[in-house]
Structure formats: structure tokens, C-alpha cells
Amino acid sequence: MALDGMEEIIAAAEGTGRPFWQVVLDTDLEERGVTARDSLEKMRHTWQAMLESVLTYDGQRRSLSGLAGGDGALMDAYAQKGEALCGAYLQRVIATALRVGESNACMRKIVAAPTAGSCGVLPAVLVPLYQAGKASEEMVLQALYTASGIGAVISHRACIAGAAGGCQAEIGSASAMAAGALVSLRGGSPRQIGHAVAMALKNLMGLVCDPVAGLVEVPCIKRNVVGAVNAISCADMALAGIESRVPVDEVIDCMGEVGRRLPVELRETSLGGLAVTPFGKMVKEKMESES
Amino acid sequence: MLDIFDILGPVMVGPSSSHTAGAVRIGRMARALLGCQPVEADIGLHGSFAETGKGHGTDRAIVAGLLGMEPDNLDIPRSFEIARQQGMELCIHPIQLREAHPNTAVLKVRGTNGRAMVLRAVSVGGGRIRVEEIDGTAVHFAGDYHTLVVRHKDIPGELSVLTRELSNAKVNIANMSLNRSRRGGDVLTVFEVDQKIPPVARQLIAEIPGVEGLTYYEKEDA
Ligand code: SF4
């Protein structure tokens, strides 16, 4: 089967009693003509690279522009003091999203998920669970299949690039993938995965893409945090039995439609939004005068 | 042809799949088609590649690709230095093309074997690329397959000889396109194939009367 709609995957899962992730894995085997072992090995490699992107973080690094770096370390230090408003898991989630987003800006190795700009969202929700012993590698890999199936559907029905649909398509999609991954990891039903995806996308709908000086730094890195935190709240809502009133595929189609209607200035061209604030313009001029 | 590892992936050095990972792939494509390491490279960057390329490391990424690095190589940021050590001469500058995709690069490369080539390629997003022009002739392929580009005379029957050679080598053709430049009588035929083409088969094709040159790109291992 093709990964054309969440409804189709959910129906296939319910019809055959397979978990959501299994349907995605089986589709990959069909489409690429590989064995389950090959596919799982590739997913493990992907997961290892994600893990590495978190663990090899260095708070001293700065990006070429000098704008990005060090915030992950600040969050770590703050968490150490024990005064954070949120609990231990969320503290780790915030720090991890920053670490990966900054590593990306500093030309370190990351996994685009679904894009490089939104590479911090999935590791931010998964790595802390794994590190705390609350998720085994096997569970994480299954959650990653769920996430990639969700991303494939969004990419097919709407889009996953800021240039095409704004940041709702990048951070929004990453957040939806992470929300579904968490529900899957916690043993939620395929239908609950669908609700989590719908809610995550709805919550970030309309978010514009407006990177300062065209660089994947400001506001991108911190939006990875919001994508991750949104994913967790939507996953918890779905697991609590809360449902999205708008069906998930309708939400995805709608996100694509909103994306198409976003003015081109707010789709990665850096001609609008934060990119044209006085600060944004100053950074752009500085980058130009240096090149 | 988007599979789930295009969604979760590529594993790459940041910061941008189009401006960094795609740029590495463009460099790799030029190196592969040239058949060796370039000794000289003139890199023209158009549109967004020119405007935000520096902050994204697009220039370093293309050079890294020319050096044969893959998109996840942590040496990408150091590629200028490595190129200098290996004696690769570089000239990188903005260009303005008409009606071109914003992420377009034009690479003029000359190899250790003396061979020269001009390649125009686009980074279309998600780290995926498309080759648009080779030596002034419009082509269209993405490196999703092993790709053989044959420059040959525009004579009847040439194509059937070419395809026979491929089928003798048990190579299955996935896509094929004939691209004729307006001037000279040359044709660029692009074969996208499912199996790797063994060196012998490429040699046999190169020796077919009417064939003037051939370049081959072997897909990165999945
Ligand atoms: S603002 Fe644009 S470049 Fe930055 S993460 Fe969002 S979509 Fe990507």
C-alpha cells in the first residue's frame, strides 16, 4: 500500500491487527524491495546518528554567523539547579531540542526529520526517554517507523518544506511526527496516533517561515523546542482519550492549503516576518559585508 | 520516489538539507561525471545559493562533494583547507541566471585526467538534486539511479546499439532520455539503470562507432 492517508494506515492496522509502525515497515519493504533486517538496520543507523547528534553537543561551538550556540548548555545548567518550572522530562526535552538545533547550525551531523531545520524535535522527545531507561532501542525504532509513516503522509498530501508551506510544514510536521511517535511508544491505538497528529498540526497551523538572514538559526532552533513540547502535550491528550474534532487527514489537507496561501514573503525567502525586523536586517547586512 | 528514509533522513551535516546536503551531492555528481578528482573548479552560485550560501556553508559543501565526501562527513566545514592541501584550485563567485531555480549551481571543472566539463545542477529540497545541463546540453536526472550519460553522433540505429550493449550486460533500463543540443550534431543520451554497469560494459559502449564520450554516476549506497 502507499502511505497516502492516515485513515488508510489506521484502517490497515485495525483490519489486520498490526500496530501502526508495522504497517509502515511492511510498506517500506514492499516499496524498496528490501528485507525487514535491512530496513531495521537502516533505521538503527538513523537512530544512532540522532543519538550522536545529542551526545556530541558542545556548548562552546558557534555557527558561521555567530548567532547560534551555547543555549543547550545554558538550559542544562539551569536544570541542574533544580529550579525549573517544568518537570525532569520536559527539562531534558527542551535542552535536547536546543542541542540538536544548535548542532545543525554549527555544521555538525544531524538527521533531517523531516528537514534539517526541524531536526531537533524527534530526538528531543525520544532521547530523554531512552536515556532514562523508559524506552528500549526496539521501542524507539518502532516509534521512528510510526513517525516516518506520518511524515510520508504529510509530505504526500501537503508538504514538509518551509519554502512550500511555511514553518507549520516543517516544525508542524516534525511535531506531528513526534506526537504520533510518543503515542505509539506508549502503546496507544492507531486511532489515538491519528488524533495526536491532528492536534499537533492544528496547534501550529499558520506558523510562518521567516529565518533571519536566511539562516537555519533564528527562530528555527527555539521552534524545535515548541514543536517538541507541543508533541508531548498532544500525545498525552490523545492517550487520555481526548479526540481531535476535525479528522486527521482533513487537518493535513488544510495545513497544505494554508501553506499554499501563505504569501511568498513568509515562505523561507526571508522577505517577511522576523527576517525583516531591524535586528533581522542588521544581521543580513553584517553577513553581506563579510562575504 | 520519496521513501520513509527521505522523511527520516538524510543523515547529514547541517544546517540545511537543500543548501548543505544537496550542495554536497552536486559536488559529488560533478566529480563522478568527471570520473576523477578535479584539479580546478569554478563554482558559480545563483539565487538563494548566492545570497545565503555563505551562512549555510553551501560553498564548502560543494567543494566537499568535489573532494568525494558524503553529506554526513564532519570534515565538510574544513573542505577549503583540504582542497588546498590536495592542490585543487578554486574560484567561487555569484552568478545570475535567467529563469533558474533559486538553488542553482554551475560548476566548471577540469580533472587530473585533463578532461573538462560544465555542469548545471539544482538542489530541489530535502537534499535531493537534479542535473539540468551538461556541457550546454539540457538533461534531466536526479542521481536516484546509476546513471550513464553517453555523448554520441546523431545517426540512425545508434540508440539500438547502445541499448543492446546494456542488455548484454544484463543491465535493466529504468528511464532513458535523448537530449539534442541545437547546434552540433551531438546527442546526449541519459540512461538511468537498475544495476551497476560493469567497467567492461562501459568500455564496450565507449568503443561503439559514433560514441564520443561517456560519463557514469554510480548512486550512493542506500
Ligand atoms: S523558520 Fe523556516 S527555516 Fe526555520 S525551521 Fe521554520 S521552516 Fe525551517
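Letters A, B, ... mirror the listed sequences (proteins, then strands); counts begin at 1.
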Please look at B:Ser16 and chain A and tell me whether the side chain, the backbone, both or neither of the residue comes under 4.5 angstrom of a heavy atom of that chain. both

Turns out that what part of B:Leu8 lies under 4.5 Å from chain A's heavy atoms comes down to both

Considering only heavy atoms, which portion of [X] lies under 4.5 Å from any heavy atom of chain B: side chain, backbone, both, or neither?
X        : answer
A:Ile110 : both
A:Ile150 : neither
A:Leu144 : both
A:Ala161 : neither
A:Met177 : side chain
A:Ser155 : side chain

Over all atoms of both residues, closest heavy-atom pair of [X] and [Y]:
X        : Y        : answer
B:Met12  : A:Ala116 : CE-CB, 3.8 Å
A:Ala49  : B:Val11  : CB-CG1, 3.6 Å
A:Met107 : B:Pro15  : CG-CD, 4.0 Å

By number, which residues in residues 22-30 of chain A have some heavy atom less than 4.5 Å away from chain B? A:Val24, A:Asp28

Does any non-hydrogen side-chain atom of A:Leu3 lie less than 4.5 Å from one of B:Ile4? yes

Pairwise distance [atom1]([X]) to [atom2]([Y]) - rounded to 0.5 angstrom:
X        : Y        : atom1 : atom2 : answer
B:His56  : A:Glu217 : NE2   : CD    : 7.5 Å
A:Arg108 : B:Asp72  : CZ    : CG    : 12.0 Å
B:Thr52  : A:Glu268 : OG1   : CD    : 8.0 Å
A:Ile160 : B:Asp6   : CD1   : CG    : 8.5 Å

Which residues, numbered in order, of residues 76-86 of chain B come under 4.5 angstrom of chain A by heavy-atom distance? B:Ile76, B:Pro77

Which residue pairs satisfy the ring-ring contact (aromatic ring centres under 6.0 Å, His included) criterion with at least one member in residues 30-62 of chain A, sequence neighbours excluded? A:Trp47-A:Tyr130

With a sphere of 6.0 Å drawn around CD of B:Glu40, does it hold more than 12 non-hydrogen atoms of other residues, nucleotides or ligands? yes

Among all residues two or more places apart in sequence or in another chain, which pass the side-chain contact (heavy atoms from CB on, under 4.5 Å) test with B:Val124? B:Val122, B:Arg128, B:Arg130

